**Student:** 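So that we are looking at the same thing, I have put the structure below in structure tokens.
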Number of protein chains: 2
Amino acid sequence: MAHALSLAQNEIADDDALARDVLGQVAGRWSLGVLCVLAEAKGPIRFSRVLDGVDGITAKVLTQALRQLERDGFATRTIYAQVPPRVEYALTELGLELIEHVDPLTRWATRRAKDFRAARARFVR
Amino acid sequence: MAHALSLAQNEIADDDALARDVLGQVAGRWSLGVLCVLAEAKGPIRFSRVLDGVDGITAKVLTQALRQLERDGFATRTIYAQVPPRVEYALTELGLELIEHVDPLTRWATRRAKDFRAARARFVR
DNA sequence: CGGTATCCCACAAGATACTG
DNA sequence: CAGTATCTTGTGGGATACCG
């Protein structure tokens with residue numbers, strides 16, 4: 001259910017809600033993987049290279065993920081008017097910050113993997 | 001699509017994959033909210049109280065969220081054999097650690113909310 | 001009280017084909 | 001090359017009703 005019926009389209013007034021929304025997007029299946037490929041590139045990188053770098057993603061889904069990263073300010077999109085077309089994506093400062101803040105969490109989760117495995121084994125019932 | 005056809009049910013062999021899977025679950029719409037209510041309780045808390053504490057959640061979805069938190073070792077479930085039934089949930093050490101590691105990320109995102117808003121306003125095209 | 005059982009829908013994501 | 005268009009499907013989540 002939408003919370004703010006009075007707001008046009010997708011505007012989110014509350015900062016907390018906006019932050020949750022953005023993190024929710026980032027938590028999606030592909031965003032972080034794409035972001036990491038952009039980070040590893042250490043500079044502008046073409047659509048096809050990103051496509052190669054993210055295992056299992058399709059062009060359609062990659063396009064959507066990149067658009068959303070661009071929308072939230074985590075990546076830039078630069079189109080070069082040439083044939084064949086060239087489009088390059090790059091991580092922004094904000095995107096780098098995001099990665100830096102997500103990293104400790106994923107590291108912790110990886111360290112704790114054994115505990116997760118044990119908990120899941122204990123469960124089942 | 002399942003990635004590991006050779007594995008029974010839902011087993012995940014790789015630690016990194018398991019960590020991603022767990023974080024993926026946590027990133028779901030309700031898990032963090034539920035976790036926070038358990039944390040605020042500072043002790044065992046009944047199903048109904050959790051239901052009250054998480055705004056907008058339904059009993060079915062809360063049950064699913066709690067089961068998953070229990071499965072991954074973030075919460076415990078204790079049933080008291082009495083009428084009417086009483087079931088209490090509590091945060092585990094692992095659950096507390098999770099919250100402590102997620103918190104910096106959400107704080108950062110809230111601090112950066114203005115940037116997200118600006119980026120989204122800039123976008124649209 | 002603390003759930004299940006059903007039914008339903010929205011939406012993310014996949015497959016495939018096509019285009020500027 | 002870097003996308004769109006279209007169709008399909010899986011799954012999270014919602015509404016409601018019922019049960020031990």
Side-chain angles (χ1 to χ4, degrees), chain A residues 1-3 5 9-10 20-34 37-38 41 44-72 75-90 125, chain B residues 1-3 5 9-10 20-34 37-38 41 44-72 75-90 125:
Chain A
M1 187 210 314
H3 312 86
L5 297 168
Q9 298 283 56
N10 258 331
R20 274 197 301 278
D21 188 67
V22 169
L23 287 183
Q25 304 294 326
V26 169
R29 184 166 178 184
W30 298 108
S31 297
L32 276 181
V34 173
V37 170
L38 295 187
I45 176 176
R46 297 185 70 155
F47 182 85
S48 318
R49 298 307 107 227
V50 183
L51 195 59
D52 294 342
V54 183
D55 199 65
I57 201 171
T58 63
K60 184 189 107 179
V61 175
L62 176 58
T63 300
Q64 292 170 348
L66 285 168
R67 287 289 188 285
Q68 172 215 288
L69 291 176
E70 189 195 359
R71 183 193 59 157
D72 290 339
T76 58
R77 179 168 179 259
T78 310
I79 306 162
Y80 295 89
Q82 56 188 50
V83 178
R86 186 170 116 231
V87 179
E88 289 187 340
Y89 295 87
R125 53 195 130 151
Chain B
M1 188 207 317
H3 314 85
L5 297 168
Q9 299 282 54
N10 257 331
R20 274 195 302 277
D21 188 67
V22 170
L23 287 183
Q25 303 296 326
V26 169
R29 184 165 176 186
W30 299 107
S31 297
L32 276 182
V34 173
V37 170
L38 295 186
I45 175 175
R46 298 184 70 155
F47 183 86
S48 317
R49 297 308 106 225
V50 185
L51 196 59
D52 295 341
V54 184
D55 199 65
I57 200 171
T58 64
K60 183 189 112 179
V61 174
L62 176 58
T63 299
Q64 291 170 349
L66 285 168
R67 286 288 186 287
Q68 172 212 287
L69 291 176
E70 188 194 0
R71 183 193 60 157
D72 291 339
T76 58
R77 177 167 181 260
T78 310
I79 305 163
Y80 295 90
Q82 56 187 50
V83 178
R86 186 169 117 230
V87 180
E88 290 187 340
Y89 295 88
R125 54 197 130 156

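The model shown is predicted, which means the values in this text are computed figures rather than measured ones. Any value given below was found using the heavy atoms of this structure, including those in side chains, with hydrogens, waters and symmetry copies removed.
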**Student:** Looking at every non-hydrogen atom in both residues, tell me the closest pair between Gln68(A) and Ser31(A) and how far apart they are.
**Tutor:** NE2-OG, 3.3 Å
**Student:** Of the non-hydrogen atoms in Val54(A) and Trp30(A), which two are nearest, and what is the gap between them?
**Tutor:** CG1-CE3, 3.7 Å
**Student:** Would you mind reading off the distance between Arg86(A) atom CZ and dC1(D) atom P, rounded to a whole angstrom?
**Tutor:** 13 Å
**Student:** Write down the distance between CD1 (Ile45(A)) and P (dC1(D)), rounded to a whole number of angstrom.
**Tutor:** 15 Å
**Student:** Any side-chain N or O of Tyr89(A) under 4.0 Å from OP1/OP2 of dG3(D)?
**Tutor:** yes
**Student:** Please lay out, stage by stage, how Val50(B) and Ile57(B) fare under the test side-chain contact (heavy atoms from CB on, under 4.5 Å).
**Tutor:** CA-CA 10 Å; Val50(B) 185; Ile57(B) 200 171; over 6 Å; no
**Student:** Within less than 4.0 Å of OP1 or OP2 of dG14(D), is there a side-chain N or O belonging to Arg29(B)?
**Tutor:** yes
**Student:** Let me know the distance between CZ of Arg49(B) and P of dG3(C), rounded to the nearest Å.
**Tutor:** 13 Å
**Student:** Pro85(A) has a side chain; which of dA13(C), dG20(C), dG3(C) sits nearest to it?
**Tutor:** dG20(C)
**Student:** Take atom CD1 of Ile79(A) and atom C1' of dT4(D), then tell me their distance rounded to the nearest Å.
**Tutor:** 14 Å
**Student:** Measure CG/Leu66(A) against P/dA13(C) and give the value in whole Å, please.
**Tutor:** 13 Å
**Student:** Separation of Leu51(B) atom CG from dG3(C) atom P, in whole Å?
**Tutor:** 10 Å
**Student:** Measure across Pro44(B) and Ala90(B) and return the closest heavy-atom pair with its distance rounded to 0.1 Å.
**Tutor:** CA-CB, 4.1 Å
**Student:** Starting from the C-alpha separation in whole Å, work towards a yes-or-no answer on side-chain contact (heavy atoms from CB on, under 4.5 Å) for Phe47(B) and Leu66(B).
**Tutor:** CA-CA 9 Å; Phe47(B) 183 86; Leu66(B) 285 168; 3.8 Å; yes
**Student:** Using atom names, set out every protein N or O paired with an N or O of nucleotides 4-7 of chain C below 3.5 Å, distance rounded to 0.1 Å.
**Tutor:**
unit_1	atom_1	unit_2	atom_2	d
dT4(C)	OP1	Arg67(B)	NH2	2.9

**Student:** Could you give the CD1-to-C1' distance, from Ile57(A) to dT16(C), as a whole number of Å?
**Tutor:** 17 Å
**Student:** Roughly how many Å is it from CD in Gln64(A) to C1' in dT6(D), rounded to a whole number?
**Tutor:** 13 Å
**Student:** Give me the atom names and distance for the closest heavy-atom approach of Ala75(A) to Leu38(A).
**Tutor:** CB-CD1, 3.8 Å
**Student:** Taking the six-membered ring of Tyr80(A), is the NZ or CZ of Arg86(A) close enough (under 6.0 Å from the centre) and on axis enough (within 45°)?
**Tutor:** yes
